[in-house]
Every structure is written in C-alpha cells, then in structure tokens.
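These notes are about the structure you will find just below.
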Protein chains: 2
Amino acid sequence: MADQVGGPAQVVLTASVARRYYLDGRSKVEIAEEFGLSRFKVARLIDAARDSGLVRIEIHHQGEIDVNLSAHVQDRFGLQHAIIVDTPDDHAESLRQHLGRAAAELLSEVITPRDVLGLAWARSVSAMAKSLPRLPGIPVVQLTGALSLPNDDDCSVDAVRDVARASGGRAFLFYAPFTVPDATTARALRQQPEVARTFGQLPFVTKAVVGVGLWECGQSTLYDAAEECDRRALRHLGVCADISGVFVSADGEAVQTDLAERMIGITAEQMRAIPEVIAIPYGTAKAPAVRAALRSGLVSGLVTHTALAHALLDNG
Amino acid sequence: MADQVGGPAQVVLTASVARRYYLDGRSKVEIAEEFGLSRFKVARLIDAARDSGLVRIEIHHQGEIDVNLSAHVQDRFGLQHAIIVDTPDDHAESLRQHLGRAAAELLSEVITPRDVLGLAWARSVSAMAKSLPRLPGIPVVQLTGALSLPNDDDCSVDAVRDVARASGGRAFLFYAPFTVPDATTARALRQQPEVARTFGQLPFVTKAVVGVGLWECGQSTLYDAAEECDRRALRHLGVCADISGVFVSADGEAVQTDLAERMIGITAEQMRAIPEVIAIPYGTAKAPAVRAALRSGLVSGLVTHTALAHALLDNG
DNA sequence: ACACCTCCTGCTCATTTGAGCGATGACCCG
DNA sequence: CGGGTCATCGCTCAAATGAGCAGGAGGTGT
C-alpha cells in the first residue's frame, strides 16, 4: 500500500491508465493500444495503481443502510439477511419507526405469493406493519397472544389484521392474552376454535417476524408483565432472551420453563421449523439477548441499528 | 447513477458481492459459488453496484501531484508529459521551488544514459537544477546566453555547470549575454570557440528544459530586459510568448524578429528538432503564453501548478 | 381467463485476462 | 572490464469474462 509507483511521469501514466480502466471501463487491450504499451504492462500498471493506493475503491450506500456493517453481521452470524440501519438517533420511538420501515422493505422484498407469514407480538412488529406497503395475497398467522402495555397503542392482533388486509390474504388471528395465571386456563384457551385454527397453521408458516427481549427489567415486555417469582425462576434456569415468548439461554439453547405452560404462543420447535424468522431488536442493552437469539439458530434475519450491531460484534 | 438496486436485502447482497470482487479480489466464478448464484447474476450485481454508485472508485494521489488534472492537461494538449503540482501557495519563490523539485523528479525519471540534456536560461530551470539528484553521466548543453536580473542569484551557466557536475558528464557552456546591442556583436560572439562548440552540440540534444514568458511587462525576463522599441516591435509582430528566447505568436507560429539576430541562443528550428522540451511556467497571467507555447508544438512537456493548469483549460 | 408484455435468467462463443516462464538488459562489485 | 544478480519485459495457455440470445416466470389489461 506504500506509494511505490515511481516518478511523477509514472504516476500520471498510471493514473491515466487506471482512469481508462476503472472509470471509462476500457479493456486492457484497448488501453495498451491507446498508450502504445503491451497489455501486460497495462495490467502491471493497474496492479501498481491499486497496490499503491492511487485507486481507492469504496463501497458505501447513501441511504440509511450501512451496507458494510450489514454484510459483516450477516457473515459473522451466518444470517440469511441482516439489515443495519444507520441512525444516530437513539430514541426508542424513532428507532422503532426507522427499523419498522426497513423491516417492512425487507419483508416486502423477500416475501413471495407462496409464503405464509407469521407475526409475533412486539411493538417493533407493529411498527413494521404500519410501514408495510402492498403485499401479495398471502395468509397471515398470529404467533402469540397479546400483552397489554401501560400506554398501549398497538397490539399484535391489529398488526395481523392490518397486514392481512393489506395483502388481501386470509388472517389467522385470535384474541387471547399472551400469559394466563395457570396452565389449565392456557390449555383451555388453546382449545378455543380461533386459537386452535391459528396454531394449526403454524407448520405452514414460512416467514415470521418477531421481537427479542432481554430477560431483565425494562428489556422485555414479557419480563415486565411477569410475576416476580417467574422472573426469578427463569433467571435461575439461565434464561437470557425471549424471542417473542420462546426462551433461550445465553449460549442459545432453548430453555424449558413452567411459564411456557401458562402462555399462548409459538413453541421453540415450531419456531425452528419456520424457514426464515426475522427479528427487529433495538437498544444496545439487548446485545446479550440478541447474541443468544442468533446463537440459538431460531432467528435467521436481523433488522437493527448500528449501535446494537457494533455491540454485537464487539463481543460476539 | 440513480440508486436502483432494489430492496435492502438486495442492496446488502450487492454490496457483499461488490466487496468480494473489488476489495477481496475474488473472481466472479468464486463469488458465484460462494453465494450460490450464477456467474452472470454476479456480473449483473456488480454492474448494478457500479451504476448505482454503491461502488465508488476514486483516483487520487496523496502526494503533491494532481494526477487527474495532469492527465487531463496531457490529454488535452497532446503532451508527452504533464505534471501539475497541487500547491495553494502562489508566492513566486515558493512556487518555483515546488515546480523545480517536481521538474527535477520528472527529468531524472525520463532521462537515460543516451540522452543529451539542454538547459535554457530561466529561474525555474535553475530551481530545478538545485533539486536535481544524481543523474547518469550525460552531456549538458547550455541553450541560451545569460540575462542579469536586478537581484541576480542564479544564472543558466551555474545551472549547466551544476547539472553537469552532478551527472559527471561533459558541460557545454559559455559565458555570453542573451542579448547584445547589435547583430554584428552577436555574430562575433557566436564565432567564439566556447559558443560555437556549445551550439554545435544542439543537433544532438534530446531533452531540454526551458522557461516560458508572456510578452508583457513583468511576465518575461527577456521582455523586461529589452529596449522599449524592441518590446513594441515584437508586440506588433504578434509575439505572445518567448520560450527561452524563441518567439511565438498566440496561435503558436514561430515569429521572425530582428531581435533574434541580436541574441545568443537556440533558434526555433533547433528547438523543434529536440525530441522533448519541458517547460516550467507558473503564474496564471502566463496562461496565454503557455497556450501559445503548447500550440507551437515546440514544447512537449509541462510542469506547472494547478492554478495555471486550470487557466489553460478554462479557455484552452 | 387469456393473450400479451416485460423483465429476468442462464446459455454459447469470442474476447479478455492472469499466472508463471524464459530472455533480455541494467546494475553492482570485485 | 567481466561475471553475478536483480528487475523488467513480453510470451503461452488456461481460466475468466462480456455480449448477445432464447426461454420462462410474473404481471397486466382487456
């Protein structure tokens, strides 16, 4: 990379040749004829131009997406898709909107008319649904029950309905909470026609969008909604992340929990059967949970922001 | 050039492929295998990456030389060599030093042991001589007589002697003024052994370095040294530039003058016979003279600064 | 539903390109 | 001056590449 091209005449000649080759798209043979050189000489000049740094090649997208980081993350974690949105902004609301839009673009790009779409409960999923443009007429399946938030403005049922409406496909949805007080109630709820019908579609789901939570206060809506004893119990079981209700440990293993029996939602096995699961996490604090989710192999697509991506890579 | 690559997944894929191709130097076949694509698809992705501006290729030298401008000037005026030094600085003294150094580098690059070097009188030539490193042992020939400047610190004789000493070759030099009061004296001087011997070498000179002056007050040492009647006479003859004593009009034609008979220096024909003549002009005011000199075909190499180069191109 | 239409994909063949090789020439040191 | 050393140059052959073409999928407008 040291500037070892030669004297100034050599530098100018090298630059001219490199310009013709890289910018004007001429072949080396043409250039050789034009400059009265052998094509080998031209090739060596071009090599020298690259080695010396005279020719600088940059890959940079002028949109919101950090392509280099995206590719790096995708490569590092063996993902089918990774979209890293470059936004300095770290307000949760704004972040969610940006990621939602990016995820919507990604989804509408990868979805085909033969897909069956699954949507889990998450604010980021709702944000995505809001930005989603026209989709082919595909079935949309609700993956989890609903969780009420203090300032509740979205819920998965809306998202499923909205997306199904936008696509013109069938909507498999149900009205039930994500968690219930006891396993019996959960079993009963699962027997309900709408729930059973919806969960019966799970094996056919080919693409899903989920959220990821870190099993800590304020980092998972499920955690925040759980009783203290469940919080502690799951922590003791080594739960690190919840992927829209599927619990995994820091090393990516699915964790069996009592809480799961009291939940109305997709299981780890069912999620693993889905060919492509896209997660939309945000906030650097969630890095350990996202790492766990990626290690688990349950998640094959990631839409997030630069800060979290860096956090993932720094200690990944 | 519009960003028409597709959705975010497409963008990331395109960027990954482009990175492998341009930065990692992989072949398209390798990339196709790695990504599970056809090599045609890879080629199209790479084309798209270039067209969309995702891949940006810049050619920029991190030294003093503006390679793009140099190439442009060289191309525009059909020169063998053009070196444009990028210096914001426009103090004549400093400019001369920079250009002198660049010209010295150029000369030491293009000179071969079989060359015969001619040096004209000019401050820039002296500046070059000062920066000139070791040269092969070649003969050095003085092309013109000397002109005394008010604050005289250099003269061509010194330059010739210095260069010859540095190269270890023979020095053909003489001590005579550039201009004398009458043609008879000039003829007599040309008969002098040293002068005759030196001028006898002119047909063998293969490379020469000269200065360029604009035939106006303060833009040519020859003009400044001339009598008012000569100044006017030459202006009426359409003289635009003097190339170390060779007068040319704005359209590049050599101009026959009375003054030439009273000068001890190289003629237009002799200069035209030299395969490579390098000029080292500076100062934007001289642009018309440099254009004339380039048009004349007498000068085939140019070493100058960005401002003058731009001035040349703006109205070239 | 049907035909059309456009875009996308992958093929073939001719050209371009890269890696390695021997020859030539310059340089260095005795 | 002469031998050794090194870099540079252009060639050969095989792989890589680009241009043009035909088939097919998906979308669209009656």
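Treat the numbers as computed from the prediction; the structure is a model and nothing was measured. Naming: A, B, ... by sequence-line order, numbering from 1 per chain.
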Nucleotide [N], atom [atom2] - distance to [atom1] of [X] in whole Å:
| X | N | atom1 | atom2 | value |
| --- | --- | --- | --- | --- |
| A:D47 | C:dG20 | CG | P | 13 Å |
| A:Y22 | C:dT17 | OH | P | 11 Å |
| B:I46 | D:dT17 | CD1 | P | 8 Å |
| A:D115 | D:dG26 | CG | P | 13 Å |
| A:E109 | D:dG26 | CD | P | 17 Å |
| A:R44 | C:dC21 | CZ | C1' | 11 Å |
| A:F35 | D:dC9 | CZ | C1' | 19 Å |
| B:K41 | D:dA25 | NZ | C1' | 14 Å |

Does the pair A:R56 and B:E58 meet the rule for a salt bridge (charged side-chain N to carboxylate O under 4.0 Å, His left out), with working shown? CA-CA 5 Å; A:R56 191 173 41 192; B:E58 284 179 357; 2.5 Å; yes

[Y] backbone acceptor or donor facing [X] side chain under 3.5 Å:
| X | Y | value |
| --- | --- | --- |
| A:T14 | A:L45 | no |
| A:Q201 | A:V141 | no |
| A:D162 | A:K130 | no |

Test item: [X] and [Y] side chains (from C-beta on) under 4.5 Å apart, heavy atoms:
| X | Y | result |
| --- | --- | --- |
| A:N68 | A:D66 | yes |
| B:I46 | B:Y22 | yes |
| B:L107 | B:L117 | yes |

What bend angle does the helix from C:dA1-D:dT30 to C:dG30-D:dC1 show across its length, from five-pair end axes and to the nearest 10 degrees? 40°

OP1 or OP2 of D:dG26 versus the side-chain N and O atoms of A:R114: is any pair under 4.0 Å? yes

Please determine if a side-chain N or O atom of B:S38 lies less than 4.0 Å away from the OP1 or OP2 oxygen of C:dT9. no

Applying side chain to side chain contact (heavy atoms under 4.5 Å, CB included) between A:V163 and each of A:V140, A:I138, A:V125, report the one that passes. A:V140

Distances for protein N or O near nucleotides 12-16 of chain D N or O, under 3.5 Å:
none

Nearest 0.5 Å, what's the CD-CG distance between A:Q74 and B:L13? 7.5 Å

